[in-house]
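Data first, discussion second: the structure below is written as C-alpha cells.
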Amino acid sequence: MIQAVRGVHDILPSAAQKWARVEATARRVFEAYGYEEIRLPVFERTELFARGIGEATDIVQKEMYTFQDRAGESLTLRPEATASLLRAYIEHGLHVHPKPVRLYTMGPMFRYERPQAGRYRQFHQLNVEALGDDHPALDAEVIALLVDFFRGLDLATPLDVQINSLGDAKCRPAYRERLIEYLRRNSARLCAECRDRTERNPLRVLDCKNPECRPVLDAAPALELCPECATHFASVREYLKQMGVEATPTHRLVRGLDYYVRTTFELTATELGAQNAVAGGGRYDGLIELLGGPPDPGIGFAIGIERVVQLLPERGDDAREDRRPLAFLIPLGDEALRHLLPVARAVRSKAVRVELGYGERKLRSELERANKLGVAWAVIVGETELSRGEAVLRDMKSGTQQTVSLGALTDKLIALGAAR
Ligand code: HAM
C-alpha cells in the first residue's frame, strides 16, 4: 500500500465540516472588515522567498521544498503566503486602489519541519494583509480582526494575545549588535542551536524554548525603541485598549521571519502544548519595496487552520446524523429504476438529499440499507406499485406506510425536505 508522505495529512469527511466552518467564519469576519479574497499559486520562483522571508531564517535555510523544473528554473512550494501576495500586489499594480488595500487568502503551505503534534509539512493558513498604510490604528484594527475571527468560532478555550515592537531600521541595528555581544559573552551557557543563531539570526535566539538557555535569555538586554517607534507602539496599545482588546506586551516575541518591523503579535492557546501558536503576524514596512514595488508599508497575519480545528468544540451540525439523506428510493427491478431516476434528479436539484438503489437487490436488504443510512423515509416502487402508478412511502421510525401517486412523488419529497 502506498501511504501519504510523512508530515502531510488527509482531511477526512468527518473533519471537513469543521474546516468548512473555519473557512466560512474567516470569510464572514474578514469581509466585514473590508478584505477581499485573492487566490495565489502554490509555487513561486525560489528567489521571491529567499529575498522576502530572509536568507538567514530557518525557513529559507532548512525548510523550503525547492526543486528545479524541466526548464532548469529553481522553484519553491510556498512556505508562507505574504511574499506571494506582495508579488501579486506589485505585479498587478494593486497599489493604485484606495489604501490600505485589504486582501485575504487561504490555502496550503509547505515547510520541511520535523513533524510532531500540531506541526506538519503541508499545513494550511488563513492569511490577511493590509497594504499601503502605517497608521497605528490599522495595526490595532488588524489585531482586533484576528481576535474577532476567534470570537466568531465560539471557542471554549481561552487565547492569549501577545504583542511586541521590534523597532525599525533606526533602532534595531544597534540593539542587534548589543544582543550579539551579550550572547557571545554568554555562549557557554547556550545550546548549540542558540550559538549558531547568534551569528546568523540573533533575535531568534530569544525565542529558544530550551530551559537551559532561559536564564541567559531572560537576562538579555531589551530593545530600546527610538522615539518614533515608541510612539507608534504606544498608540497601537492605546487603540487596542479603546476597542477592549487585551494584549500582553512581550518583548521576547521575535517571530521567525526577517521582514518584521515595529508591531508583531501572536495568539497562543496553552491547550495546544508545544506548538501553541495559532496565529502570528506583524508589520513589514519596507518589504514591498525590497521586492521591487512602491514604498508601501504593510501589516498582516496568518492563522494555522490545523491548530484552530484542534481547538473547535464539536457542534451538532458537524455530526453525521444531521447530514443524513431524507429518503432512500428503492426501485425493485429496472422498470421501477427508470421511473425513480428522474425523480431523484428533480428532488436533488432542489438541494434535498436522497439516495437511490439500483433495483437489483431484495426489498429486505434495501430496507436494511435504508436503516444504515439513517433516512427518515424509504420510497418503495415494485411491480404492483408500478401497475397502480404509485409509490409506497414508509416512515422508517414508526414503520407506518402511505401511498403517493408517482406523479406527485417529486413534490412530496421536496415538501418533506423543506419541512426538515
Ligand atoms: P508564521 O508564524 O510562520 O507566520 O505562521 C503562522 C501560523 O501558521 C502559526 O502561528 C501556526 O499556527 C501555523 N503554522 C506555521 N507552521 C506550521 C506547521 N509546520 N504546521 C502547522 N501549522 C503551522 C507566517 O507564516 C507569516 N506569513 C504571517 C504573516 C502574514 N505576517 C504578516 N503577514
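All values below were derived from every heavy atom in this structure, side-chain atoms included, with hydrogens, water molecules and symmetry-related copies excluded. Order of appearance sets the numbers: ligands from 1, and atoms from 1 within every ligand.
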(request) Kindly determine whether Glu368 and Arg361 satisfy side-chain contact (heavy atoms from CB on, under 4.5 Å), including the steps that lead there. (result) CA-CA 11 Å; Glu368 265 168 31; Arg361 278 188 288 209; over 6 Å; no
(message) Would Arg78 and Glu44 count as a salt bridge (Lys or Arg N to Asp or Glu O under 4.0 Å) here? Give the steps.
(response) CA-CA 7 Å; Arg78 62 177 181 194; Glu44 298 270 1; over 6 Å; no
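Counting only non-hydrogen atoms, the option in Arg121, Arg111, Arg119 that gets closest to atom 25 (O) of ligand 1 is Arg111. Comparing Tyr284, Tyr260, Phe123, Tyr112 against atom 31 (N) of ligand 1, the shortest heavy-atom distance belongs to Tyr260.
Shortest contact from atom 13 (C) of ligand 1 to any protein heavy atom: Gly304 CA, 3.6 Å. Looking only at heavy atoms of the protein, atom 20 (N) of ligand 1 is closest to Tyr120 N, 3.0 Å. Scanning the protein heavy atoms around atom 32 (C) of ligand 1, the nearest turns out to be Gly300 O, 3.2 Å. In terms of protein heavy atoms, atom 21 (C) of ligand 1 is closest to Gly118 O, 3.3 Å. Among protein heavy atoms, the minimum distance from atom 1 (P) of ligand 1 is reached at Arg255 NH2, 3.6 Å. Looking only at protein heavy atoms, the nearest one to atom 9 (C) of ligand 1 is Ala277 O, 4.0 Å. Looking only at protein heavy atoms, the nearest one to atom 5 (O) of ligand 1 is Gln125 NE2, 3.2 Å.
The shortest N or O to N or O distance between Glu129 and ligand 1 is under 3.5 Å. Close N/O approach between Gly281 and ligand 1 is not found [any backbone or side-chain N/O within under 3.5 Å]. Of the polar atoms of Glu306, none of the N or O atoms is found under 3.5 Å from an N or O of ligand 1, judged by distance alone. Checking only distances, Val278 does come within under 3.5 Å of ligand 1, N or O to N or O. At under 3.5 Å, a nitrogen or oxygen of Glu80, whether backbone or side chain, sits near a nitrogen or oxygen of ligand 1.
For Glu193 and Lys62, the salt-bridge test passes: some basic side-chain N is under 4.0 Å from an acidic carboxylate O. For Arg185 and Glu181, the salt-bridge test passes: some basic side-chain N is under 4.0 Å from an acidic carboxylate O. Using a 4.0 Å cut-off between charged nitrogen and carboxylate oxygen, Arg262 and Asp285 do not count as a salt-bridge pair. Salt bridge present: Arg102 and Glu141 bring a charged side-chain N and a carboxylate O closer than 4.0 Å. Using a cutoff of 4.0 Å between basic side-chain nitrogens and carboxylate oxygens, Asp139 and Arg283 are scored as salt-bridged. Taking 4.0 Å as the cut-off between side-chain N and carboxylate O, Glu199 and Arg184 count as a salt-bridged pair. For Asp58 and Arg200, the salt-bridge test passes: some basic side-chain N is under 4.0 Å from an acidic carboxylate O.
Under a 4.0 Å criterion applied to the non-hydrogen atoms of Gly280, ligand 1 contributes the atoms 10 (O), 28 (C), 29 (C). Each of the following atoms of ligand 1 lies closer than 4.0 Å to a heavy atom of Tyr259: 26 (C), 27 (N), 29 (C), 31 (N). Near Thr82, the atoms of ligand 1 lying under 4.0 angstrom from a non-hydrogen atom of the residue are 27 (N), 29 (C), 30 (C), 32 (C), 33 (N). Near Ala279, meaning under 4.0 Å from any of its heavy atoms, are these atoms of ligand 1: 10 (O). Heavy-atom contacts of Ala302 reach the following atoms of ligand 1: 6 (C), 7 (C), 28 (C), 29 (C), 30 (C) (cutoff under 4.0 Å). Residue Asn127 approaches ligand 1 through these ligand atoms, each under 4.0 Å from one of its heavy atoms: 30 (C).
Contact between Val379 and Leu393 at its shortest, heavy atoms only, is CG2-CD1, 3.4 Å.
Under the 6.0 Å distance and 45° angle rule, Arg237 counts as a cation-pi partner of Phe233.
Under a 4.0 angstrom heavy-atom cut-off, Pro115 registers as lying outside contact with ligand 1.
Residue pairs meeting the ring-ring contact (aromatic ring centres under 6.0 Å, His included) criterion with at least one member in residues 105-127, sequence neighbours excluded, are His9-Tyr120, Trp19-His124, Tyr65-Tyr112.
Looking at Thr82 and Tyr284, their side chains never bring a donor and an acceptor atom within 3.5 Å of each other.
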